[in-house]
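Report on the structure given below.
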Amino acid sequence: MKQRISTLLQDILGREVVLEKPRERSLGHFATPIAFSLAKELRKSPMIIADELAASFSDSEEFSSVTAVKGYLNFKLSEDFLSEYGTWALDNPTSFARQENKQKILLEYVSANPTGPLHIGHSRGAVYGNTLYRLAKHLGYDITAEYYVNDAGNQIDLLGLSIQLYARENILGEDVEYPESYYRGEYLEDLAQGAIVKFGKEILSDTSRQKELALWAKDGVMNLIVKDLSDANIVFDAFVNESALYSDWDRVMEKMALNDKNAIYEKEGKLWIASQAKGDDNDRVVVREDGRPTYLAGDIVYHNQKFERGYDHYINIWGADHHGYIPRVNAAVEYLGYDSNKLEVLLAQMVSLLKDGEPYKMSKRAGNVILMSDIVEEIGSDALRFIFASKKSDTPLEFDIEQLKKQDSSNPIFYIQYAHARIKTIISKSSLNSNEINSASLKGFDGNADILLFDALLLPEVVEDAFNSRQVQKLPDYLQALAASLHKFYYDVRIIGREDEAKLLKLLMVVALSLKTGLGLLGIEAKDFMSRETDETD
RNA sequence: GCGCUCUUAGCUCAGCUGGAUAGAGCAAUGCCCUUCUAAGGCAUCGGUCACACGUUCGAAUCGUGUAGGGCGUACCA
């Protein structure tokens with residue numbers, strides 16, 4: 001809608017136009033401050049320019065009025081335009097807010113180490129990434145969601161060791177020293193018990209079999225992670241194992257050397273990548289003195305593989321504590337002969353939890369982590385998704401765990417769900433059938449109904465803007481505002497029994513479509529009915 | 001020290017390609033159920049947009065500086 005208006009204005013005014021929301025709804029649907037920017041070159045006052053411009057829109061199908069107020073140009077869309085659009089949306093519900101985009105995108109996110117279940121910090125990036133994924137799909141992009149499994153390196157050794165220590169302490173009853181850096185948590189119990197069934201008790205105390213134990217256990221941990229994710233409606237298209245990449249290492253190094261013979265060099269018995277020459281602070285070690293590759297080595301091979309698979313654009317979602325890592329990966333991508341501008345790294349900032357106003361320090365390796373699965377169980381996946389999707393991902397977020405547990409109006413997801421359920425209830429209570437509703441027109445509203453219609457039809461712009469700007473929170477913000485409009489309308493107008501009942505119901509159906517589509521993009525299912533819980537037993 | 005980033009209402013956050021009176025939710029206070037679910041609506045309260053200077057007809061938005069917070073500055077991932 002906005003797109004169409006915008007190009008229309010460009011045709012008439014002959015230049016790019018910034019469209020914004022007017023200060024007040026009564027002024028119009030769209031506004032532009034273009035007269036101000038023209039004022040200087042035309043050497044005329046903005047007021048006069050705006051008046052002149054307004055006059056040039058005298059006969060246009062799309063607008064019912066174009067007015068100049070204090071230098072702003074305000075546009076009011078015509079009833080025909082809005083009615084046609086709303087009817088089209090109801091007739092083509094699955095096409096509403098959809099687009100065609102040819103671009104192929106590879107999205108990598110979560111990629112948490114397979115050393116324990118996901119915690120609350122991971123879930124932010126997970127929700128953010130999955131919401132982007134859903135938006136992209138809806139907009140027609142060919143997008144693939146991928147999880148990079150770091151199943152090699154120190155943390156895997158540590159997993160094996162941690163299981164053994166846990167088992168020796170809690171199952172075999174030994175007195176062991178359990179250093180801070182080792183993993184803890186209930187899941188170790190299940191892994192240890194599983195290991196006994198699979199390998200026998202001996203493996204729990206045989207230090208030479210740690211690796212074997214770990215390699216077996218990581219699959220179990222991945223199952224936990226996959227379940228945590230799917231409980232929050234997050235599903236991946238592919239998993240790539242770090243361990244499977246190293247066979248490609250020699251070829252990738254040759255590839256870099258072919259592009260730039262100084263890309264990789266040897267010093268002090270180690271292999272380094274000359275990332276400083278590509279904007280990093282220092283050069284980085286990729287293979288240690290003992291021949292073990294560093295984490296970066298895996299990422300280099302992985303990114304080479306990504307680019308060889310040939311996408312138009314690559315998006316990585318990383319925790320904010322990895323931001324210093326971006327230059328070295330970019331350096332590697334360039335040494336591999338690819339355009340690092342195609343690689344976009346989005347950072348999901350830290351989540352800090354408060355409990356009754358006190359900071360709640362999270363550490364994955366301490367036992368006191370807040371598990372994603374616990375939160376999903378307590379407040380539901382819908383509320384979790386909504387909370388993370390409604391905050392800008394690149395600013396640190398702080399919230400009180402007690403607030404999260406509330407299931408009342410302070411939880412905006414209920415507010416939106418309730419709006420949708422109210423519409424469904426009215427429609428089911430009306431004596432009109434769907435034919436009578438669908439054949440009504442969306443014209444000739446009084447009161448605020450036309451504003452509600454316009455609001456509901458804004459979804460396509462919001463979806464597009466939310467994805468393009470990677471500002472996912474614009475969608476929940478919009479849905480909340482739309483729900484507010486609906487609730488107000490519901491209060492003001494008693495629909496059943498009015499003579500224009502059919503067209504009002506049709507209007508509500510457009511609102512419901514917008515809410516349902518929007519919620520779906522957030523991975524939340526719209527409810528047709530909500531039963532109020534009376535007495536809460538806690 | 002250096003790099004990145006943040007600072008907007010009591011709290012959590014929007015707004016930032018410069019534009020009309022800086023917004024929402026929560027909290028607080030007061031109203032509205034003989035009315036399609038009150039999980040709702042209405043109203044009130046609440047702000048020197050961290051501070052200073054600069055650019056501009058115009059700055060929460062852009063630039064510089066200051067203060068304070070977070071993260072990074074690994075041959076950990």
Side-chain angles (χ1 to χ4, degrees), chain A residues 16 18 20 22-24 27 31-37 39-40 45-46 69-72 74 111-113 115 150 152-156 158 181 242 268-272 281-282 284-290 292-299 319-327 347 349-350 352 354 357 364 387 390-392 394-400 403 406-419 421-423 425-430 469 471 473-474 476-477 480-481 483-484 486-498 501 505 508 529-533:
Chain A
E16 287 238 2
V18 178
E20 50 189 44
R23 184 84 210 127
E24 276 173 43
L27 293 170
T32 176
I34 187 164
F36 290 94
S37 35
K40 203 175 235 170
S45 107
V69 181
K70 287 202 249 174
Y72 286 83
N74 296 318
S111 298
N113 293 338
T115 54
N150 298 120
N154 283 345
Q155 77 284 356
I156 287 295
L158 214 51
S181 60
E242 182 185 3
E268 299 160 4
K270 303 161 229 179
L271 285 182
W272 301 68
D281 292 341
N282 294 296
R284 309 290 170 177
V285 173
V286 289
V287 179
R288 302 177 182 89
E289 229 168 331
D290 59 9
R292 282 158 48 236
T294 63
Y295 178 79
L296 179 60
D299 244 345
D321 52 340
H322 286 58
H323 79 249
Y325 199 78
I326 297 171
L347 300 176
Q349 274 287 354
M350 301 290 121
S352 34
L354 296 175
K364 186 176 179 180
I387 284 161
S390 55
K391 307 293 179 199
K392 211 159 66 172
D394 60 357
T395 54
L397 172 66
E398 196 175 67
F399 59 81
D400 200 299
Q403 190 119 50
K406 289 190 195 161
Q407 298 218 7
D408 56 22
S409 61
S410 67
N411 205 335
I413 184 64
F414 287 92
Y415 187 80
I416 297 169
Q417 293 278 28
Y418 187 38
R422 273 183 147 173
I423 294 171
T425 304
I426 298 182
I427 289 171
S428 72
K429 289 200 173 170
S430 166
S469 64
Q471 307 262 302
Q473 79 280 1
K474 289 181 178 182
D477 285 354
Q480 202 164 354
L486 184 277
H487 285 308
K488 182 168 169 45
F489 188 75
Y490 181 95
Y491 182 83
D492 290 342
V493 183
R494 194 183 157 78
I495 293 161
I496 290 182
R498 281 177 58 122
E501 183 177 332
L505 288 177
L508 292 198
F529 182 79
M530 294 175 80
S531 65
R532 189 167 180 205
E533 290 165 27

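In this text, all values refer to a predicted model and were calculated from it rather than measured experimentally. The sequence lines fix the lettering, A, B, ..., with proteins before strands; numbering per chain opens at 1.
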Within the 4.0 Å heavy-atom criterion, would you say A:T294 contacts the bases, only the backbone, or no part of the nucleic acid?
sugar-phosphate
What are the atom names and distances for every N/O pair under 3.5 Å that joins the protein to nucleotides 3-6 of chain B?
{"from": "B:G3", "atom 1": "N2", "to": "A:H323", "atom 2": "NE2", "distance (Å)": "2.9"}

Which part of the nucleic acid, if any, lies within reach of A:A419 when heavy atoms closer than 4.0 Å are counted: base, sugar-phosphate only, or nothing?
nothing
Please check: side-chain N/O of A:Q155 versus main-chain N/O of A:N150, any donor-acceptor pairing under 3.5 Å?
yes
Checking B:A77, B:A38, B:G40 against the side chain of A:Y295 (C-beta onward), the nearest is B:A77
Nearest-Å distance once atom P is located in both B:C57 and B:A67
32 Å
Please state how far atom CD in A:Q480 lies from atom P in B:C13, giving the value in whole angstrom units.
15 Å
Could you check which nucleotide pairs with B:C62 in any of the strands shown, counting Watson-Crick or G-U wobble with both distances under 3.5 Å?
B:G54
Closest non-hydrogen atom pair, A:R292 against A:N154
NH2-OD1, 3.3 Å
Pairing partner of B:C2 (Watson-Crick or G-U wobble, both distances under 3.5 Å)
B:G72
Rounded off to whole Å, could you give me the CG-to-C1' distance for the A:L347 and B:C71 pair?
10 Å
With rounding to the closest Å, how many angstrom separate the C1' atoms on B:G15 and B:U73?
33 Å
Tell me the closest heavy-atom pair linking A:Q471 and A:K392, and the distance in Å.
OE1-CD, 3.6 Å
I'd like to know if the side chain of A:H487 and the backbone of A:Y418 have a donor-acceptor N/O pair within less than 3.5 Å.
no
For B:C33, glycosidic torsion class - syn if within 90° of 0, otherwise anti
syn
Taking only the side-chain heavy atoms of A:Y325 (C-beta and beyond), determine which of B:A20, B:A77, B:C71 contains the nearest atom.
B:A77
Mind checking A:A481 for me? I need base, sugar-phosphate or nothing, with any heavy atom below 4.0 Å counting as a touch.
nothing
According to a strict under-4.0 Å criterion, is A:Y418 in side-chain N/O contact with OP1 or OP2 of B:A38?
yes
Could you give the distance from CG (A:N113) to OH (A:Y295), rounded to the nearest 0.5 Å?
7.0 Å
Can you check the distance between B:U55 and B:G41, where both ends of the measurement are the P atom (answer in whole Å)?
47 Å
Mind checking A:Q471 for me? I need base, sugar-phosphate or nothing, with any heavy atom below 4.0 Å counting as a touch.
sugar-phosphate
By the 4.0 Å heavy-atom rule, please label A:Q473 as base, sugar-phosphate, or nothing.
sugar-phosphate
Rounded to the nearest 0.5 Å, the CZ atom of A:R284 sits from the OH atom of A:Y325 at a distance of 9.5 Å
If pairing means Watson-Crick or G-U wobble with both distances under 3.5 Å, then the partner of B:C42 is B:G30
Identify, between A:A483 and A:R292, the residue whose nearest nucleotide on RNA chain B lies closer to the 5' end.
A:A483
Just the rounded figure in Å: distance from P of B:G40 to CG of A:L486.
13 Å
Atom P, compared across B:A22 and B:C45: separation rounded to whole Å:
15 Å
Going by the rule side-chain hydrogen bond (donor to acceptor under 3.5 Å, both in side chains), which residues pair with A:D477 if we only count those two or more places apart in sequence or in a different chain?
none
Establish, with yes or no, whether the OP1 or OP2 oxygen of B:U37 is under 4.0 angstrom from a side-chain nitrogen or oxygen of A:Y415.
no
Separation of the C1' atoms in B:G25 and B:U61, to the nearest angstrom
23 Å
Ignoring the backbone of A:K391, work out which of B:U37, B:C13, B:A77 is nearest its side chain.
B:C13
Please tell me which of the listed nucleotides, B:A38, B:C36, B:G41, lies nearest to the side chain of A:T425?
B:C36
In whole angstrom, give the distance that lies between atom CD1 of A:I416 and atom C1' of B:G25.
11 Å
Check: A:N74 side chain, B:A20 base, donor-acceptor under 3.5 Å
yes
Could you go step by step and tell me if A:L158 and A:T115 meet the side-chain contact (heavy atoms from CB on, under 4.5 Å) rule?
CA-CA 8 Å; A:L158 214 51; A:T115 54; over 6 Å; no
Side chain of A:D477 - closest among B:A77, B:C71, B:A14
B:A14
Atom P, compared across B:U37 and B:A24: separation rounded to whole Å
28 Å
Decide yes or no for A:Y490 and A:L508: does some side-chain heavy atom of the first lie under 4.5 Å from some side-chain heavy atom of the second?
no
Taking side chain as C-beta onward, heavy atoms only, is A:W272 less than 4.5 Å from A:V287?
no
Between atom CZ in A:F529 and atom P in B:U37, what is the gap in whole Å?
8 Å
Does the side chain of A:R498 get closer than 4.0 angstrom to OP1 or OP2 of B:C36 through an N or O atom?
no
For B:G15, does OP1 or OP2 lie under 4.0 Å from any side-chain N or O of A:K474?
no
To the nearest angstrom, the CD1-P distance between A:I326 and B:U73 comes to 13 Å
Which sits closer to the 5' end of RNA chain B, A:L296 or A:I426, going by the nucleotide each is nearest to?
A:I426
Suppose you measure atom C1' in B:U29 against the same atom in B:G10; what distance do you get, rounded to whole Å?
14 Å
How many whole angstroms separate atom CD of A:Q417 from atom P of B:U37?
17 Å
Expressed in angstrom and rounded to an integer, what is the separation of A:F414 atom CZ from B:C26 atom C1'?
15 Å
Nucleotide paired to B:A67 in any strand shown, Watson-Crick or G-U, under 3.5 Å
B:U7
Applying side-chain contact (heavy atoms from CB on, under 4.5 Å) to A:E501 and A:L505, what does each step give before you reach the verdict?
CA-CA 6 Å; A:E501 183 177 332; A:L505 288 177; 3.8 Å; yes
Determine the Euclidean distance between corresponding C1' atoms of B:C31 and B:U12; express it in Å to zero decimal places.
27 Å
